[in-house]
**Q** 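Sharing a structure, written as structure tokens. Questions coming.
Both counts, for ligands and for their atoms, begin at 1 and track the order of listing.
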Amino acid sequence: MMLEDCKIIELPVIKDPRGNLSIVEANKHIPFGIERIYYLYDIPGGAERGGHAHKALHQLIIAISGSFDIHLDDGISKKTIHMNRSYNGLYVCPMIWREINNFSSGAVCLVLASDFYSEEDYYRNYNEFINIVGKL
Ligand code: TYD
């Protein structure tokens, strides 16, 4: 899996004058089952999150409210995606270094993850990540 596999998935929207509703069904709208949900909120101006890659974890990242930038890097190519729609999720496959910044005021970043939290699944050192990717 590479950077090209990391794509915006447009989620269904049920439009309603009372407010819109979007849906994520595991293994249907996204290519993995969901074992964990977490979210970032009360994010101070100028904050940077991420700064790691996952060995096996699949994730969908949604700007539930506000906006932010996600910078992806597979060790060869890089791309930046601006997230600002509640009905778009960015699918991030394993072995992708990510950094998230440029959070707007009041931004909420929701993450759906394919597995429970495990620190063993992280690469937190960029040079180590690059070395591993170079050997794949
Ligand atoms: P981290 O994944 O580095 O956050 P981000 O990528 O959003 O910047 O996690 C930050 C801290 O929170 C780290 O000490 C691990 C802990 N954590 C958990 O205990 N469980 C979780 O599900 C997550 C995502 C993080």
**Q** Under 4.0 Å from atom 11 (C) of ligand 1, can you find at least one protein heavy atom?
**A** no
**Q** Who's closest to atom 18 (C) of ligand 1 heavy-atom-wise, of Tyr38, Phe116, Tyr117?
**A** Tyr117
**Q** So, the side chain of Asp115 versus the backbone of Leu57: is there a donor-acceptor pair under 3.5 Å, distance only?
**A** no
**Q** Check whether any side-chain N or O of Ser114 sits under 3.5 Å from a backbone N or O of His58 as a donor-acceptor pair, and report yes or no.
**A** yes
**Q** What part of Leu40, side chain, backbone, both or neither, has a heavy atom within less than 4.0 angstrom of ligand 1?
**A** side chain
**Q** Distance check, rounded to the nearest 0.5 Å: Ile76 atom CD1 versus Met2 atom CE?
**A** 4.0 Å
**Q** Under 4.0 Å from a heavy atom of Arg36: give me the atoms of ligand 1 that qualify, with their elements.
**A** 21 (C), 22 (O), 23 (C), 24 (C)
**Q** Measuring centre to centre across the rings, with the benzene-like ring taken for any Trp, is His54 within less than 6.0 Å of Tyr122?
**A** yes
**Q** Please answer whether the main-chain N or O of Ser67 pairs with a side-chain N or O of Ser104 as donor and acceptor at a distance below 3.5 Å.
**A** yes
**Q** Which protein non-hydrogen atom lies closest to atom 3 (O) of ligand 1, naming both residue and atom, and how far is it?
**A** Arg124 NH1, 2.9 Å
**Q** Any atom of ligand 1 sitting under 4.0 Å from a heavy atom of Arg98?
**A** no
**Q** When rounded to the nearest 0.5 angstrom, what is the spacing between CG in Leu72 and CD in Glu99?
**A** 10.0 Å
**Q** Would a 4.0 Å cut-off, counted as strictly less than, catch a protein heavy atom around atom 14 (O) of ligand 1?
**A** no
**Q** For atom 4 (O) of ligand 1, grab the closest protein heavy atom and report residue, atom and distance to one decimal in Å.
**A** Arg49 NH2, 3.3 Å
**Q** Is Glu10 salt-bridged to Arg85, going by a charged N under 4.0 Å from an acidic O?
**A** no
**Q** Looking only at distance, does Glu119 have an N or O less than 3.5 Å from an N or O of ligand 1?
**A** no
**Q** In the protein, which heavy atom is nearest to atom 2 (O) of ligand 1, and how far is it?
**A** Tyr122 OH, 2.6 Å
**Q** I'd like to know if atom 7 (O) of ligand 1 has any protein heavy atom within a distance of less than 4.0 Å.
**A** yes
**Q** Within the side chain of Arg36, is there an N or O that forms a donor-acceptor pair under 3.5 Å with the backbone of Leu112?
**A** no
